[in-house]
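Worksheet for the structure shown next.
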Amino acid sequence: MSRRRQIYEGKAKILYEGPEPGTLIQYFKDDATAFNAQKKGTISGKGVLNNRISEHVFTLLGNIGVPTHFIRRLNMREQLIRQVEIIPIEVVVRNVAAGSLTKRLGIEEGTQLPRTIIEYYYKDDALGDPMIADEHIACFGWASQEEMHDIADMAIRVNDFMCGLFAGIGIRLVDFKLEFGRLWDNDFSRVILADEISPDGCRLWDMVSGEKLDKDRFRLDLGGEVEAYQEIARRLGLLPEGDTTILDLEKHRKRRGK
Ligand code: UDP
């Protein structure tokens, strides 16, 4: 393993110091957690797939003008990113009722929402990421009005784009979580999309069968987690043709000591 300085270790990723000031290396682990880390496990190969899927989605978002922290993928599990100051808010975008929305409000799972909902949660594991309103964000100064305006704007753009992207490969984008960060330039900062976009933080259902192809397979003990993530990568055109999967490639490289 490398001897780079570790900056932070989260549940699914590790951040290392980058090669230049203002950059970091984001390493994708196979660890999976659910229910505020009460359930823990490993999904072998997940990190490789999430690195690849997130690279793809962030690149496409960059191409339509959504600013992101992504610079480039370095290898199977790592990508070079811009260092940002993470805004302590999880932004959840919902198109279809599922998860906590169904539990909290009793809306039947699978109900198409008449309009997209954006929700905010305070990023604090000890508190279990409680849901918050704009009022709390303003009151406690977690983000300015202007930043919240930009965040809501970007969340809608990302949703519109991703709904189309996934519809094109027969997937219903049910909901997903985004995180944003401040990119500082002397005394000024602007908000850019950070973290990752992968089946870990999205609900993705097959449009025909309704099959869940995301982290709910782990949360709900459905099995076939890595196959589901692989299916998303395959439909996005990210797996090499033939039967040499991205995961076999990693094993192959490890055997050769690369
Ligand atoms: N989500 C996430 N991290 C979290 C909470 C939620 O990535 O800490 C994602 C989750 O995968 C889903 C969406 O945000 O796609 C909405 O999650 P929900 O509020 O329904 O919570 P959950 O059912 O996961 O507890």
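Both ligands and their constituent atoms are indexed starting at 1 by order of listing.
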* Look at the rings of His136 and Phe140 and say which category their plane angle falls in: under 30° parallel, 30 to 60° tilted, over 60° perpendicular. =>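 Ring orientation, 0 to 90° scale: parallel.
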* Asked: What distance separates Ile14 CD1 from Lys29 NZ, expressed to the nearest 0.5 Å?
  ->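 The NZ atom of Lys29 is 5.0 Å from CD1 of Ile14, to the nearest 0.5 Å.
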* Asked: Do Glu196 and Ser198 have a side chain donor and acceptor closer than 3.5 Å?
  ->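 Looking only at side-chain atoms, Ser198 and Glu196 do form a donor-acceptor pair, the distance falling under 3.5 Å.
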* ligand 1: protein residues within heavy-atom distance under 4.0 Å ->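 Residue list for ligand 1: Glu90, Val92, Arg94, Ala98, Gly99, Ser100, Tyr121, Asp129, Asp175, Phe176, Lys177, Asp200, Gly201, Cys202, Arg203, Arg219.
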* From Lys13, Lys46, Lys177, residue fulfilling salt bridge (Lys or Arg N to Asp or Glu O under 4.0 Å) relative to Asp200 ->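 When Lys13, Lys46, Lys177 are each tested with Asp200, the salt bridge (Lys or Arg N to Asp or Glu O under 4.0 Å) holds only for Lys46.
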* In plain terms, say whether Glu119 and Arg104 are close enough for a salt bridge, that is, a side-chain N and a carboxylate O under 4.0 Å apart. =>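 Salt bridge between Glu119 and Arg104, a charged N being under 4.0 Å from a carboxylate O: yes.
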* Locate the shortest heavy-atom distance separating Glu108 from Ala97; write the atom from each residue and the value. =>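 Taking every non-hydrogen atom into account, O-CB, 3.6 Å.
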